[in-house]
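Everything below concerns the one structure shown next.
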Amino acid sequence: MKKTKSKFLTTGILIALITLSAKAQTNVSGGIYTNTTWTLANSPYIVVDTVVVFPGVTLTIEPGTIIKFASNKRLEIRQSYLIAEGTVTDSITFTSNAAFPTAGAWEEIWLNSSHSCKFNHCNFRYSNNGLRNTTSNFDTLFIKNSKFEFNNNGISNFSSSPAIGYCKLDSSNFDYNTNYGFNSINAGVHGRLF
């Protein structure tokens, strides 16, 4: 009888450890100074304070990865690169870490004079601005097969003169955003909307 109880106890502990390891979570904040990959294995990533990708550095996000933001936090791409290319079966999700999120629960992905950013099969949910740019000094932005839902603004403040950037938006949906799917996209931005 003691051996049976011991086997059940050992099995229970192993199952608990496997369950805990299957629910990996990675808290992130501060600066990213070298090329970095956020992996599915370490997902979800919880942005507990603002994350800044510094000039010349590339942040790559693997398919299926979930990025959750604490209240009012952002990811800043500062003269750097972001590659977030999911797949049809493994999309990448940017969302709130709140138990019951609403539009504006987290701030944004801020393309601050970014060099090149690619988003494919990405979901942007519950942000103030899913993607925002406040300068005309971005290089290229590709958004394809993505969804902007339950945000205040899906894409905001792509402007102005002199226009340097190229933006291609292809096969993406904007649903249930409180204010705008697109807000303040200036004609000075070169690009194509499909």
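Just so you know, these numbers use all the heavy atoms, side chains as well, and skip hydrogens, waters and symmetry mates.
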With sequence neighbours excluded, tell me which residues meet side chain to side chain contact (heavy atoms under 4.5 Å, CB included) with Ala103. Asn152, Thr178
Rounded to the nearest 0.5 Å, the CD atom of Gln79 sits from the CD1 atom of Ile77 at a distance of 12.0 Å
Distance-minimising heavy-atom pair for Gly64 and Leu40: O-CD1, 3.3 Å
Sorted by chain and residue number, the side chain to side chain contact (heavy atoms under 4.5 Å, CB included) partners of Tyr176 (sequence neighbours excluded) come out as Phe150
Would a 4.5 Å heavy-atom cut-off, applied to side chains only, mark Trp38 and Ile92 as touching? no
Sequence neighbours excluded - side-chain hydrogen bond (donor to acceptor under 3.5 Å, both in side chains) pairs with any residue from residues 99-109: Arg74-Glu108, Glu107-Asn128, Glu108-Asn129, Glu108-Arg132
To the nearest 0.5 Å, what is the distance between CZ (Phe69) and CG (Asp49)? 12.0 Å
Sorted by chain and residue number, the ring-ring contact (aromatic ring centres under 6.0 Å, His included) partners of Phe124 (sequence neighbours excluded) come out as Phe94, Phe119, Phe148
What pair of heavy atoms forms the shortest contact from Asn97 to Lys68, and how long is it? OD1-CD, 3.4 Å
Nearest heavy-atom contact between Gly56 and Asn35 is O-OD1, 4.3 Å
Quick test of your reading: applying side-chain hydrogen bond (donor to acceptor under 3.5 Å, both in side chains), list the pairs with at least one residue in residues 54-66, sequence neighbours left out, ordered by first then second residue. none
Test: salt bridge (Lys or Arg N to Asp or Glu O under 4.0 Å). Region: residues 29-38. Which pairs qualify, not counting sequence neighbours? none
